[in-house]
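All remarks here apply to the structure that follows.
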Amino acid sequence: MNDTTAHTEDRGPAEMLVQRRIEWPDTDASGHYHNTAAFRFVEVAETALLERLGMLDDVYGRVPRAHVEADFHALLWFRDIVDIRLWVERVGTTSVTYAFEMTSTGRRCVTGSATAVLLGGDRKPEPWPDAYRRLLLTSGPQTPELLVEGRA
């Protein structure tokens, strides 16, 4: 049991902030980041969140994306530091929908949402266990994963 699972109060939907740097493989021929990098960064934030909530080992490989959408507001460039904030927007019977925002130096760069579905051993949708549903809906902001101190 981790620190989060020990809490019983409702701190609001689970939320995670991670920082990443735009690296050479994230860029395209134009010199700015390729838009698919945003979806990879969202998965990084989701992984960190599920790890903080203590459920990663159980659900890893069982929560494929069913829907992803994004609006791109500003370009990101090689070596920019990006704050990726992901939070639980909704937990359905078998799905979880996250909202996300990516910012850099105070600029909003990307906003969107991603829905994943929990699969059982038969690779068919399975209801979220009550304990996981509670963690997703009540754990609030988790300790951020920062590259640079004092940025969050």
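Fair warning: this is a prediction, and the values are worked out from it, not measured in the lab. In what follows, residues are counted from 1 in the order of the sequence shown.
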- Shortest non-hydrogen separation from Pro141 to Arg11 and the atoms involved: O-NH2, 2.8 Å

- If you group Ile, Leu, Val, Met, Phe, Trp and Tyr whenever their side-chain heavy atoms sit less than 4.5 Å apart, what else falls in with Trp87? none

- CZ/Arg85 to CD/Gln19 distance, rounded to the nearest 0.5 angstrom? 14.0 Å

- Note on the structure: Scanning both residues in full, the closest heavy-atom pair of Leu50 with Leu136 reads CD2-CD2, 4.4 Å

- Task: Verify the distance criterion only: is there a donor paired with an acceptor across the side chains of Asp80 and Tyr33 at less than 3.5 Å?
- Result: no

- Non-neighbouring partners of Phe78 that pass ring-ring contact (aromatic ring centres under 6.0 Å, His included), sequence neighbours left out: Trp24

- Task: Please name all residues satisfying side-chain contact (heavy atoms from CB on, under 4.5 Å) with Leu75, sequence neighbours left out, ordered by chain then number.
- Result: His32, Trp77

- Would you please test Leu76 and Val82 for side chain to side chain contact (heavy atoms under 4.5 Å, CB included) and show each step? CA-CA 8 Å; Leu76 292 164; Val82 183; 3.8 Å; yes

- Quick one: pull up OH in Tyr98 and CD in Glu15 and give me the separation to the nearest 0.5 Å. 13.0 Å

- Item | Residue pair Arg79 / Glu23, side-chain heavy-atom distance below 4.5 Å | yes

- Task: Determine whether Val63 and Val96 make a side-chain contact, defined as any pair of heavy atoms from C-beta on separated by less than 4.5 Å.
- Result: no

Which side-chain N or O atoms in residues 34-43 pair as donor and acceptor under 3.5 Å with protein atoms at least two apart or in another chain?
unit_1	atom_1	unit_2	atom_2	d
His34	ND1	Thr36	N	3.2
His34	ND1	Thr36	OG1	2.8
Arg40	NH2	Asp26	OD1	2.0

- Would you call Pro13 and Glu89 a side-chain contact if the rule is heavy atoms closer than 4.5 Å? no

- Short question: side chain of Arg133, backbone of Gly92 - any donor-acceptor pair under 3.5 Å? yes

- Heavy-atom closest pair, residues Ser104 and Cys109: N-SG, 3.9 Å

- Task: First locate atom CD of Gln142, then atom CG of Leu49, and finally report the distance between them rounded to the nearest 0.5 Å.
- Result: 6.0 Å

- Sub-4.5 Å side-chain heavy-atom contact between Thr93 and Trp128: no

Output side-chain donor-acceptor pairs under 3.5 Å for residues 113-123, partner residues at least two apart or in another chain, one line each.
unit_1	atom_1	unit_2	atom_2	d
Thr115	OG1	Thr97	OG1	2.9
Asp122	OD1	Lys124	N	3.0
Arg123	NH2	Gly61	O	3.1

- Item | Charged N-O contact under 4.0 Å between Glu145 and Arg20 | yes

- Note on the structure: Smallest heavy-atom separation, Thr138 atom then Arg134 atom, equals OG1-O, 2.6 Å

- Note on the structure: NE2 of His73 to OG1 of Thr111, rounded to nearest 0.5 Å, is 3.0 Å

- Message: To the nearest 0.5 Å, what is the distance between OG1 on Thr103 and CD1 on Ile81?
- Response: 11.5 Å

- Message: So which atom in Leu137 and which in Asp10 form the shortest heavy-atom distance, rounded to 0.1 Å?
- Response: O-OD1, 3.9 Å

- Partners of Glu101 by salt bridge (Lys or Arg N to Asp or Glu O under 4.0 Å), sequence neighbours excluded? none

- Return the minimal non-hydrogen interatomic distance between Leu135 and Ala14, and the atom names on each side. O-CB, 3.9 Å

